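Presented below is the structure to which this report refers.
Order of the sequence lines sets the chain letters (A, B, ...), proteins ahead of strands, with each chain counted from 1. Since the structure is predicted, the reported quantities are computational estimates derived from the model, not experimental observations.
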There are 2 protein chains.
Amino acid sequence: MPDLMMKIAIIDDKAGNRNILKEKLSCHPEFNITLVAENGKDFLEKLRSLADDMIPDVALMDLEMPEMDGVKSIALGAAFFPTIKFVVLTIFDDEEKIFRAIKAGACGYLLKEENSDTIASMLNHMHETGVGPISPGIAHKILQSMQKKSIEEHAGSPLKSIASNFDLTEREQEILQLLVQGLLYKEIGAKLDISPNTAKKHVMNIYQKLHINSRAQAMYLIYDKGLL
Amino acid sequence: MPDLMMKIAIIDDKAGNRNILKEKLSCHPEFNITLVAENGKDFLEKLRSLADDMIPDVALMDLEMPEMDGVKSIALGAAFFPTIKFVVLTIFDDEEKIFRAIKAGACGYLLKEENSDTIASMLNHMHETGVGPISPGIAHKILQSMQKKSIEEHAGSPLKSIASNFDLTEREQEILQLLVQGLLYKEIGAKLDISPNTAKKHVMNIYQKLHINSRAQAMYLIYDKGLL
DNA sequence: TAAACAATAATCCATACGGATTACTTCGTG
DNA sequence: CACGAAGTAATCCGTATGGATTATTGTTTA
């Protein structure tokens, strides 16, 4: 049996939602809210400055957020903090968003309208069995979208998913491609016929957009986490 | 509100299962079992000989059946009787079967272990809102298979074959593991409780054994060149 | 047309990295 | 017991990297 205590992170840009959720969870003593963030960027920053034993077990994540939305935060969070279970907690969204959140690594998808007991029991169920919580309405949407289009064709092209999820420009994709092959700035510059300084500038812009800070992290994201 | 009376079809090859299910539904007067069949072929034949107003609203379908299995019957049934909602009712199956049943046109997927009330409330919910019933465990499987497909299944631990091919020690494998996740020397040191200098020394030894000279090349070897 | 964005480029600084060398400890195995 | 292999640790050096800032040019679009 796992720990009885479950460390929970709440990520939502609206203070009202955060408080409602806190209140809902507070009735259940097994939940320990160890991290609250206003958006994905905030969340990742706080995570990085956290001691290992304070890393949350579960992140309850809204999708619509400024600075960094839920899909991006799940993709990055799941890559760098693989022990965290990401559960989307949101109002009813379109299939595309559901789909992208799941591909990013969400293991559950609950509607905000679910009541306190439902949420609690589903989270406990997940903690015990590993089975992610899914609201029936969401499951239905997933089924429909699966019937419509096969997943294979939706898998899409390599670097494109990074580009679409993180708004990389054409040039930045090109440079990322070379970067993750291990080329030096001067080599990238030579290959693209630009100054090494410019190559470096592009790389810095890419880091900002992906919210990482080293070439190694870029490679990790792209190669190991299949974000490519 | 739709009809209070819901016409139900039961398709299962085992008489025991049929009876258990009948019993479960009998507690709920809104269900009217109008058709019982032993397999898909039997089901379709009986359907064709039925008056229009006796066509069931819902078909509760087992998957493993002789003569004609559940997937085929759903595909054919959904084509010729588009008003019928097909709900798979089965024990826990592998992802592939779940997938095929959904693509064939199943609008719900329940586990046989669900209790009477759960099944009844989910069927009623579907009848009212059109939202198909899905057991949490099944929804979880679907999510997992979607994630796997999108991540494109890169094979298991490359580290072992690297180790065997290049005579890396246990400690070196351990360190390589952390290195290619993008950790700094100081982070590797902290994680393994050794000096960052030592971590670096190990990395230098690894580079020599692999005949490379940068972290990027290590990652390239392991991730892109698929293990080596 | 003005504003926003993309690509180009340079500079400064602190730090991380790759490379080489030296040294101490703890194991086994011969 | 002695020797080597593995793990530990420190130091010095030069280069590459990450981070921040500033600036010019062209393109797009509101």
Item to check | Any B:Leu178 side-chain heavy atom under 4.5 Å of B:Leu192 side chain | outcome: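 A side-chain contact exists here, since the closest heavy-atom pair is under 4.5 Å.
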Item to check | Flag side-chain contact, heavy atom, 4.5 Å: A:Asp62 against A:Lys112 | outcome: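 They are in side-chain contact.
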Item to check | Spacing of B:Ile119 atom CD1 and B:Leu60 atom CG [to the nearest 0.5 Å] | outcome: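 So the gap between those two atoms works out to 7.5 Å.
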Rounded to the Å, how far apart are [X] [atom1] and [N] [atom2]?
| X | N | atom1 | atom2 | result |
| --- | --- | --- | --- | --- |
| A:Glu172 | C:dT8 | CD | P | 10 Å |
| B:Gln208 | C:dG19 | CD | P | 9 Å |
| B:Asn205 | C:dT21 | CG | C1' | 13 Å |
| B:Arg171 | C:dC27 | CZ | C1' | 15 Å |
| A:Gln173 | C:dA6 | CD | P | 12 Å |
| A:Ile175 | C:dA6 | CD1 | P | 14 Å |
| B:Asn197 | C:dT21 | CG | P | 17 Å |

Checklist entry - Taking NZ, NE, NH1 and NH2 as the nitrogens, is one of them in A:Glu38 or A:Lys14 under 4.0 Å from a carboxylate oxygen of the other? => result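 A salt bridge is absent here (no side-chain N lies under 4.0 Å from a carboxylate O).
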Next on the checklist: Using a strict threshold of under 4.0 Å (side-chain N to carboxylate O), is an ion pair present between A:Glu187 and A:Lys191?
Outcome noted: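 Result for this pair is no, no salt bridge flagged.
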Item to check | Relative orientation of the end axes in the helix from C:dT1-D:dA30 to C:dG30-D:dC1, expressed as an angle to the nearest 10° (five pairs per end) | outcome: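 The two end axes of the helix from C:dT1-D:dA30 to C:dG30-D:dC1 meet at 40°.
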Next on the checklist: Considering every strand and a 4.0 Å limit on heavy-atom distances, what is the contact class for B:Thr198: base, sugar-phosphate, or nothing?
Outcome noted: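 Base contact.
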Pairs under 3.5 Å (N/O, protein and nucleotides 15-18 of chain C):
| from | atom 1 | to | atom 2 | distance (Å) |
| --- | --- | --- | --- | --- |
| C:dA16 | OP1 | B:Lys186 | NZ | 2.9 |
| C:dC17 | OP1 | B:Arg215 | NH2 | 2.7 |
| C:dC17 | OP2 | B:Tyr185 | N | 3.4 |
| C:dG18 | OP1 | B:Tyr207 | OH | 3.3 |
| C:dG18 | OP1 | B:Arg215 | N | 2.9 |
| C:dG18 | OP2 | B:Tyr185 | OH | 2.4 |
| C:dG18 | OP2 | B:Tyr207 | OH | 3.3 |
| C:dG18 | O3' | B:Asn213 | O | 3.3 |
| C:dG18 | N7 | B:Lys200 | NZ | 3.1 |
| C:dG18 | O6 | B:Lys200 | NZ | 2.7 |

With no hydrogens and no angle check, just 3.5 Å: does a side-chain donor-acceptor pair link [X] and [Y]?
| X | Y | answer |
| --- | --- | --- |
| A:Asn124 | A:Glu128 | no |
| A:Glu114 | A:Ser135 | yes |
| A:Ser116 | A:His28 | yes |

Next on the checklist: Please enumerate all residues that pass side chain to side chain contact (heavy atoms under 4.5 Å, CB included) together with A:Val203, with sequence neighbours excluded.
Outcome noted: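 Listed in chain order: A:Ile175, A:Leu179, A:Tyr185, A:Tyr207.
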Item to check | Contacts of B:Arg100 that satisfy side chain to side chain contact (heavy atoms under 4.5 Å, CB included) - sequence neighbours left out | outcome: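 Partners of B:Arg100 by the side chain to side chain contact (heavy atoms under 4.5 Å, CB included) criterion, ordered by chain and then number, come out as B:Val71, B:Glu96.
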Item to check | Qualifying side-chain hydrogen bond (donor to acceptor under 3.5 Å, both in side chains) pairs with a residue from residues 195-205 of chain A, counting only residues at least two apart or across chains | outcome: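 The answer is A:Ser195-A:Asn197, A:Lys201-A:Asn205.
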Next on the checklist: Students should find this one: the first and last nucleotides of DNA chain D, 5' to 3', lying under 4.0 Å from a heavy atom of chain A. What are they?
Outcome noted: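 Counting from the 5' end, contacts occupy D:dA16 to D:dT22.
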Item to check | Residue whose nearest DNA chain C nucleotide is more 5′ - A:Lys201 or B:Ile212 | outcome: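 Per heavy-atom nearest nucleotide, the more 5' residue is A:Lys201.
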